[in-house]
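Worksheet for the structure shown next.
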Amino acid sequence: MSVLDDLGGGLVVSCQPLPDEPDDPMRDPYVQARVASAAVRGGAVGVRVNGPDDVRAVRAAVGVPVIGLYKHGTAGVFITPTAAHALEVARAGADIVAIDATDRPRTDGRTFADTVRAIHEDTDALVLADVSTAAEGVAAVEAGADAVATTLSGYTQASPQTDGPDLALVAQLVAQLPVPVIAEGRYRTTAQIRRAFEAGAHAVVMGNAVTSPLWITRRLVPATPRAAPPRSAT
């Protein structure tokens, strides 16, 4: 069995501080390792972790598969944008390396296939292709990806901009690909998780809705009276 088999039919929890909040108090490898441990105790079959320092800390704390990535920058291809980033994450202990597999240009000038080849030749890690469309998923598998995730749907111009997950893309990828399809991107409820598995997902990733107190609080506070706009003096 491979680590992908270990994820089958389960929930993967993404343990990451908010990328747009440099002062997020959760931005600490020790903290993320504790968060990951709690998620695993709660039943998560795997975790998704950003950056070599956090990957290293989480790998030492949990026994489930670790999906590692390396966010660099804030625009374009910033999820593990280069082969160097991918190799660093793999060497930190990631069992699977998540890589942006869209057709957008990469900062090292290499192709997605080049990065996949580097991972397969130099490490024992597998490659998870983060895509936004079915065509990107097909191309990623042709380039050697071991699995495909819907992570980037809603975050590229080529994909639908929706508040919820792209369940249609999950079904499309399942129908077209011979590799596991992992549902990820704006999963927030048990109903959405069930629908993803009904569409054929191999596993489902849920992140902020589980592991980010900052994100969760921001979504709840607008419902409170103190968050309402000031009343007029009339």
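We're numbering straight along the sequence, starting at 1.
- Every side chain to side chain contact (heavy atoms under 4.5 Å, CB included) that Asp28 has, sequence neighbours left out, goes to Tyr30, Val31.
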Scan the side chains in residues 56-65 for donor-acceptor partners under 3.5 Å anywhere in the protein, sequence neighbours excluded, and list what turns up.
| unit_1 | atom_1 | unit_2 | atom_2 | d |
| --- | --- | --- | --- | --- |
| Arg56 | NH1 | Asp53 | OD1 | 3.3 |
| Arg59 | NH1 | Asp95 | OD2 | 2.5 |
| Arg59 | NH2 | Val62 | O | 2.9 |
| Arg59 | NH2 | Val64 | O | 2.8 |

Contacts under 3.5 angstrom, residues 173-185 side chains, donor-acceptor by atom type, not counting sequence neighbours:
| unit_1 | atom_1 | unit_2 | atom_2 | d |
| --- | --- | --- | --- | --- |
| Glu184 | OE1 | Arg48 | NH1 | 3.0 |
| Glu184 | OE1 | Thr151 | OG1 | 2.8 |
| Glu184 | OE2 | Arg48 | NE | 3.3 |

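- In terms of modelled atom types and a separation under 3.5 Å, the side chain of Asn50 and the main chain of Lys71 share a donor-acceptor contact.
- Under the ring-ring contact (aromatic ring centres under 6.0 Å, His included) criterion, no residue pair touches residues 170-207, with sequence neighbours excluded.
- Using a 3.5 Å distance cut-off with no hydrogens or angles, the side chains of His120 and Asp146 do pair a donor with an acceptor.
- Other residues, nucleotides and ligands contribute more than 12 heavy atoms inside 6.0 Å of the CG atom of Asp20.
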Donor-acceptor contacts under 3.5 Å from residues 206-215 side chains, at least two apart:
| unit_1 | atom_1 | unit_2 | atom_2 | d |
| --- | --- | --- | --- | --- |
| Thr211 | OG1 | Ser14 | O | 2.7 |
| Thr211 | OG1 | Gly207 | O | 3.1 |
| Ser212 | OG | Trp215 | N | 3.0 |

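- Checked by atom type, the side-chain pair Asp166/Ser153 shows a donor-acceptor distance below 3.5 Å.
- Proximity of Gln192 to Val204: side-chain heavy atoms (C-beta onward) are nowhere separated by under 4.5 Å.
- Within a 6.0 Å radius of CD in Gln157, no more than 12 heavy atoms belonging to other residues, nucleotides or ligands are found.
- Using a 30° and 60° split on the angle between ring planes, Tyr70 and His85 fall in the perpendicular class, above 60°.
- Minimum heavy-atom separation, Thr80 to Ala98: OG1-O, 2.6 Å.
- Arg218 is linked by a salt bridge (charged side-chain N to carboxylate O under 4.0 Å, His left out) to Glu21, counting only residues two or more places apart in sequence or in another chain.
- The line from CZ of Phe112 to CG of Asp103 is 12.0 Å long, rounded to the nearest 0.5 Å.
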